[in-house]
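The next block holds one structure in the form of structure tokens; read it before the comments.
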Amino acid sequence: MKVTLFSSKPYDEAFLKRLNPSFGHELVFIENRLNPQTAHFAYGSPAVCAFVNDVLDAATLEKLAHGGTRFIAMRCAGYNNVDLAAAQSLGLQVARVPAYSPFAVAEHAVALFLSLNRHVHKAYNRVRDGNFSIDGLIGHDVHGMTIGVIGTGSIGRIFARIMSGFGCEVLACDVVQDPECLSMGVRYVDLDELFARSHAISLHCPLTPQTRHLIEEKTLTQMRDGIFIVNTSRGGLIDTEAAIAAIKNGKLGGLALDVYEEESELFFEDRSIGIIQDDVFMRLTTFPNVLVTGHQAFFTHEAMENIANTTLGNLADFEAGRICPNLVKLKTQAPP
Ligand code: NAD
């Protein structure tokens, strides 16, 4: 079956090509993002494979459906960039990779938090510059901190477990309580208590209309002075302008981001020789207590192998007419 893969990078191609022989798909790799202007590249492909910053809005989906596409295999967990209502009305099935390595993302969140707390990003540059002063690099013991985890699904649960191992008190907020978190002593509280008591908060809930700008001017004022916030989930969970204001007035003591609201204009490309036009992002990068990585939390060998395997399997299920267990729930498609 012909599959057109958008936003493909050499690393995607390497993992997918290595594992494809046992599936036998005809893979067509396209570097362009998927959007209404590029959807025509998939003409004649029954299946399309897309990634986090592709634009799967109604216009794109209509073009894909018109070109004969019936199946969208997202090679990521999130699908907030897919217009599910439009997919449903066009009869498109959407599948994803629900869990490829929750460890990869949770461990990256921990790495960001530890780096930020102990100023590793600043120390790295100082030492390379022959500057061995430790002035300004003082951190806090993580042991004994209260850590807030918003969203205790597959990633948040592991983050909570790691932080418990550090000797932290872990508070959590989720619409459902995870038994494993409960058994390790995580205490579920409402957002107000989590905001008021946490020394650091890590976001692991999906981006939905309810969670958009969960961190904004009002919620920031509910937090401790000097709060650390880590976001490896989706950029839209944080109102970036409000975060910048909170960094300037000292409320926010540290901000670590692997995702950014407007990342689709920036991330996954080398923009080092151009002029970045996003003033909000550039302001963020001027602060010493802001650490940004470009959506790489998932990027481990293990995760890439799992993403490739599950994606190729999802495509094989569709081709064989089997019910794919990783379908995103639409009213018209079988539940996962
Ligand atoms: P998951 O579905 O296993 O867990 C999400 C949890 O959030 C669930 O327990 C859910 O009940 C909870 N939740 C939903 N709405 C909530 C709300 N309003 N308040 C509090 N909790 C709420 O998902 P996961 O695999 O743990 O992934 C979490 C997020 O991480 C994904 O949505 C995705 O956006 C992001 N992610 C990022 C990367 C990366 O590379 N940076 C990689 C994978 C996933």
Side-chain angles (χ1 to χ4, degrees), residues 7 9 11-12 50-54 74-82 84 94 96-113 148-163 170-182 186-195 198 201-216 219 229-238 256-261 263-264 266-268 291-307 310-311 326-329 336:
S7 297
K9 296 286 179 197
Y11 42 85
D12 295 310
F51 195 49
V52 288
N53 288 322
D54 288 316
M74 299 300 294
R75 54 178 191 282
C76 52
Y79 49 87
N80 53 285
N81 51 335
V82 185
L84 295 180
V94 181
R96 64 178 185 134
V97 185
Y100 36 88
S101 173
F103 301 102
V105 183
E107 288 167 8
H108 192 74
V110 175
L112 287 175
F113 172 54
V149 182
I150 303 183
T152 52
S154 47
I155 296 170
R157 175 191 308 131
I158 293 166
F159 180 84
R161 192 194 303 156
I162 298 172
M163 297 320 294
V170 180
L171 303 179
C173 184
D174 198 314
V175 288
V176 285
Q177 300 195 353
D178 176 64
E180 197 187 320
C181 281
L182 288 169
V186 170
R187 206 158 66 74
Y188 282 88
V189 295
D190 59 23
L191 270 181
D192 289 344
E193 184 176 347
L194 186 143
F195 287 151
S198 301
I201 294 173
S202 194
L203 305 176
H204 299 289
C205 57
L207 177 63
T208 64
Q210 292 74 41
T211 60
R212 189 173 176 276
H213 286 185
L214 186 69
I215 307 299
E216 41 84 47
T219 49
I229 296 181
V230 179
N231 187 9
T232 55
S233 192
R234 283 291 179 267
L237 296 176
I238 299 182
L257 302 176
D258 186 54
V259 287
Y260 166 62
E261 271 187 296
E263 69 176 55
S264 60
L266 295 172
F267 286 7
F268 300 116
L291 179 53
V292 184
T293 53
H295 209 139
Q296 67 169 83
F298 71 98
F299 201 41
T300 64
H301 286 276
E302 293 75 11
M304 288 300 289
E305 186 146 332
N306 290 338
I307 289 171
T310 306
T311 300
N326 300 318
L327 288 181
V328 174
K329 243 185 204 161

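Every value quoted in this text rests on a predicted model; they were computed, and no experiment measured them. Order of appearance sets the numbers: ligands from 1, and atoms from 1 within every ligand.
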Is there a polar contact between ligand 1 and Asp258, counting only N or O atoms under 3.5 Å apart? yes
Would you call the rings of Phe298 and Tyr100 parallel, tilted or perpendicular, where under 30° means parallel and over 60° means perpendicular? perpendicular
Val105: numbered ligand 1 atoms lying under 4.0 Å from its heavy atoms: 38 (C), 42 (C), 43 (C)
Close side-chain approach of Leu203 and Ile238, heavy atoms under 4.5 Å: yes
At what distance is the nearest protein heavy atom to atom 43 (C) of ligand 1, and which residue and atom is it? Tyr100 OH, 2.8 Å
Should Lys9 and Phe51 count as side-chain neighbours, where that means a heavy-atom distance under 4.5 Å? no
Residue set satisfying salt bridge (charged side-chain N to carboxylate O under 4.0 Å, His left out) with Glu305, at least two apart, ordered chain then number -> Arg18
Quick check: do Asn326 and Val97 have side-chain heavy atoms less than 4.5 Å from each other? no
Option set Leu191, Ile158, Leu194, Ile155, criterion heavy-atom distance to atom 26 (O) of ligand 1, minimum: Ile155
Atom 23 (O) of ligand 1 has as its nearest protein heavy atom Ser154 OG, 4.3 Å
Can you find a pair of side-chain heavy atoms, one from Tyr260 and one from Leu266, that are under 4.5 Å apart? yes
Side chain proximity check, Val259 to Leu237, heavy atoms < 4.5 angstrom: no
Have a look at Ile150, Val259, Leu214, Asp174 and point out the one with the heavy atom closest to atom 11 (O) of ligand 1. Asp174
Against ligand 1, does Ala297 come closer than 4.0 Å with any heavy atom? yes
For atom 31 (C) of ligand 1, grab the closest protein heavy atom and report residue, atom and distance to one decimal in Å. Ser233 OG, 4.0 Å
Under 4.0 Å from one or more heavy atoms of Val176, ligand 1 contributes atoms 11 (O)
At under 4.0 Å between heavy atoms, is it the side chain or the backbone of His295 that contacts ligand 1, or both, or neither? side chain
re atom 7 (O) of ligand 1, the protein heavy-atom contact at minimum distance is Pro206 CD, 3.3 Å
Which residue owns the protein heavy atom closest to atom 22 (C) of ligand 1, what's the atom, and how far is it? Cys205 CB, 3.6 Å
The atoms of ligand 1 lying under 4.0 Å from a heavy atom of Gly151, numbered in the order shown, are 7 (O), 21 (N)
Does the side chain of Leu112 reach to within under 4.5 Å of the side chain of Asp258, using non-hydrogen atoms? yes
So, regarding Thr211 and ligand 1 (criterion: nitrogen or oxygen to nitrogen or oxygen, under 3.5 Å), is there a contact or not? no
Residue selection (non-hydrogen contact nearest atom 1 (P) of ligand 1) among Gly153, Pro102, Ser101, Ala109: Gly153
Can you sort out which atoms of ligand 1 are near Cys173, meaning under 4.0 Å from one of its heavy atoms? 20 (C), 21 (N)
Looking just at side-chain N and O atoms, do Asp54 and Ser7 make a donor-acceptor pair shorter than 3.5 Å? yes
Compare every heavy atom of His108 with every heavy atom of Thr293, then report the nearest pair and how far apart it is. OG1-NE2, 3.0 Å
Contact check, Phe299 vs ligand 1, heavy-atom distance below 4.0 Å: no
Would you say that Phe195 contacts Ile215 through its side chain, given a criterion of any heavy-atom pair below 4.5 Å between the two side chains? yes
Does Asp12 reach the side chain of Met304, with side-chain heavy atoms less than 4.5 Å apart? yes
What protein heavy atom is closest to atom 40 (O) of ligand 1, reported as residue, atom name and distance in Å? Phe298 N, 3.1 Å
Provide, to 0.1 Å, the distance between atom 38 (C) of ligand 1 and the closest protein heavy atom, together with that atom's residue and name. Thr232 O, 3.7 Å
Please say whether Arg234 places an N or O atom under 3.5 Å from an N or O atom belonging to ligand 1. yes
Checking heavy atoms under 4.0 Å, the part of His204 that sits near ligand 1 is backbone
With sequence neighbours left out, the residues meeting side-chain hydrogen bond (donor to acceptor under 3.5 Å, both in side chains) with Glu180 are Arg161
